[in-house]
Novice: 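Got a structure for you, written out below as structure tokens; questions coming shortly.
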Amino acid sequence: MANGATILGCLGTTLSAREISFFKEADPFGFILFDRNLETPDQIRALCDSLRDAVGWDVPITIDQEGGRVQRLRPPLAHQWLPPLDDVQRFGKNAPRAMYLRYRIIADELFSLGIDSNCAPMMDIASEDTHDFLKNRCYGSTLEDVVKVGQAVAGGLLDGGVLPVLKHIPGHGRAVSDSHLDLPIVDTNGEVLRQSDFAAFEALNDLPMGMTAHITYTAFDDRPATLSPKMMAVIRDDIGFDGLMMTDDITMKALTGSLAELSRLSIDAGCDIVLHCNGDMAEMEEVVAASGTMNDKSQSRADAALACRRTPDPVDISHLHAQLEALANEAGHDV
């Protein structure tokens with residue numbers, strides 16, 4: 001039986017009776033957690049158990065745990081990390097190894113709480129014009145640097161039992177506005193995009209899950225990638241990504257229209273699932289009704305993503321932290 005074509009949030013630190021009933025009926029492919037859902041380790045584990053109990057299966061639960069500003073779990077729940085670009089610059093030539101260690105530690109922290117997916121790596125290439133909301137979340141300003149670090153990030157997560165979500169496909173780095181607030185327009189030539197921004201995602205096109213960018217690329221279409229069959233064809237055929245494709249949060253102001261309309265357009269464009277984050281019940285009902293259940297191809301991608309989950313090998317986290325410190329000392333910086 002097909003899952004609902006959604007990933008949903010919840011409102012608080014425990015589930016209400018209404019949420020339990022709704023999630024059971026909606027059977028979303030997954031859930032996503034935010035600061036409002038996170039208090040103590042025991043509470044987080046109990047919430048994850050409740051979400052899985054509500055749908056009756058071992059549903060994936062994801063989070064945004066990049067480090068820096070976009071880090072939902074903070075001390076004492078998890079280690080406090082610098083923004084990714086700060087660490088990449090700090091570790092220099094050792095950045096790929098350091099970022100592997102960093103995300104292997106993050107994976108351990110997530111997995112211990114019942115969270116088994118992370119919305120990373122972020123393969124957007126930074127430039128001088130990249131909007132501040134995104135810039136220090138990037139892994140570098142060259143294709144080579146971003147690919148090396150992105151591969152390390154994905155490896156650290158997978159080795160720690162956490163499914164990575166490749167984002168923001170096909171590239172957010174050229175956006176000069178914040179897609180949470182406005183629709184970014186990228187006028188760059190299509191061949192330039194293929195050789196740079198798109199190529200970063202092509203290098204990791206075998207990852208199990210990905211997230212779209214709410215950006216219009218005028219070389220291909222006048223619609224945002226999330227809603228564009230043309231851009232989804234570029235992602236599937238040119239970039240070669242055949243993993244499970246989720247939208248970025250469908251409530252972001254880059255997209256205009258009702259949530260029902262946006263959900264239908266996303267699915268029609270070729271997205272497999274719609275991501276709705278804020279936990280508002282009325283909105284979730286609208287999104288779930290419009291998104292429906294996954295078609296056969298989408299369900300096959302979902303099953304393939306789930307098959308990538310693994311039980312991590314035991315690891316001495318203090319030893320990984322010590323390795324990070326040694327790399328920082330080699331680069332002449334303190335952890």
Novice: Between Arg174 and Asp124, does any NZ, NE, NH1 or NH2 come within less than 4.0 Å of an OD or OE carboxylate oxygen?
Specialist: no
Novice: Evaluate side chain to side chain contact (heavy atoms under 4.5 Å, CB included) for Ile61 paired with Leu47, printing each intermediate quantity in order.
Specialist: CA-CA 10 Å; Ile61 297 175; Leu47 177 59; over 6 Å; no
Novice: Thinking salt bridges, do Asp116 and Arg52 make one under a 4.0 Å N-O criterion?
Specialist: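 So Asp116 pairs with Arg52 through a salt bridge.
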Novice: Quick test of your reading of the model: are Arg45 and Asp42 salt-bridged, counting only N-O distances below 4.0 Å?
Specialist: yes
Novice: Inspect the contact between Asp132 and Lys135 and indicate whether a charged nitrogen and a carboxylate oxygen are less than 4.0 angstrom apart.
Specialist: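 Answer for the salt bridge query: no.
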Novice: Give the intermediate values and the outcome of side chain to side chain contact (heavy atoms under 4.5 Å, CB included) for residues Asn3 and Val55.
Specialist: CA-CA 10 Å; Asn3 297 114; Val55 295; over 6 Å; no
Novice: Take Leu113 and Glu109, measure what side chain to side chain contact (heavy atoms under 4.5 Å, CB included) needs, and give me the verdict at the end.
Specialist: CA-CA 7 Å; Leu113 296 172; Glu109 292 173 333; 5.8 Å; no
Novice: Is the closest basic N to carboxylate O distance between Lys167 and Glu66 below 4.0 Å?
Specialist: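 Yes, charged N to carboxylate O under 4.0 Å.
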Novice: Taking Val274's backbone N and O only, do any of them form a donor-acceptor pair with Thr6's side chain (distance below 3.5 Å, no angle check)?
Specialist: no
Novice: Can a donor-acceptor pair be found between the side chains of Glu325 and His321 at a distance below 3.5 Å?
Specialist: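 Not at all, the side chains of Glu325 and His321 share no donor-acceptor pair under 3.5 Å.
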Novice: Consider side chain to side chain contact (heavy atoms under 4.5 Å, CB included). Of Leu275, Val59, Thr247, which one does Ile7 pass it with?
Specialist: Leu275
Novice: According to a 4.5 Å side-chain heavy-atom criterion applied to Ile, Leu, Val, Met, Phe, Trp and Tyr, with indirect links allowed, do Tyr103 and Val70 form part of one hydrophobic cluster?
Specialist: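 No; tracing contacts between hydrophobic side chains, which count when under 4.5 Å, never links both residues.
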Novice: Around Asp313, counting heavy atoms of other residues, nucleotides and ligands shown, do more than 12 lie under 6.0 Å from its CG?
Specialist: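 Counting other residues, nucleotides and ligands, CG of Asp313 stays at 12 neighbours or fewer.
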Novice: Consider ring-ring contact (aromatic ring centres under 6.0 Å, His included). Of Phe133, Phe201, Tyr217, which one does His172 pass it with?
Specialist: Phe133
Novice: Please check: side-chain N/O of Tyr139 versus main-chain N/O of Met122, any donor-acceptor pairing under 3.5 Å?
Specialist: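 Flag set: sc Tyr139 to bb Met122 pair under 3.5 Å.
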Novice: Donor-acceptor check, side chain of Asp159 to backbone of Gly156, threshold 3.5 angstrom: yes or no?
Specialist: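 Answer holds: no.
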Novice: Between Arg36 and Asp280, is there a side-chain N and carboxylate O pair less than 4.0 Å apart?
Specialist: no
Novice: Please answer whether the main-chain N or O of Leu163 pairs with a side-chain N or O of Ser117 as donor and acceptor at a distance below 3.5 Å.
Specialist: yes
Novice: Looking just at side-chain N and O atoms, do Arg72 and Gln65 make a donor-acceptor pair shorter than 3.5 Å?
Specialist: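 Note: Arg72 and Gln65 side chains miss the donor-acceptor criterion.
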Novice: Are Leu11 and Met281 joined in one hydrophobic group, where the rule is that I, L, V, M, F, W and Y side chains link up if heavy atoms are under 4.5 Å apart?
Specialist: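 Leu11 and Met281: separate clusters.
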Novice: List the steps and the verdict of side chain to side chain contact (heavy atoms under 4.5 Å, CB included) for Met284 and Val287.
Specialist: CA-CA 5 Å; Met284 289 194 294; Val287 168; 5.7 Å; no
Novice: Say whether Thr251 and Asp249, considering side chains only, have a donor N or O and an acceptor N or O under 3.5 Å apart.
Specialist: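 Present: a donor and an acceptor within the cut-off.
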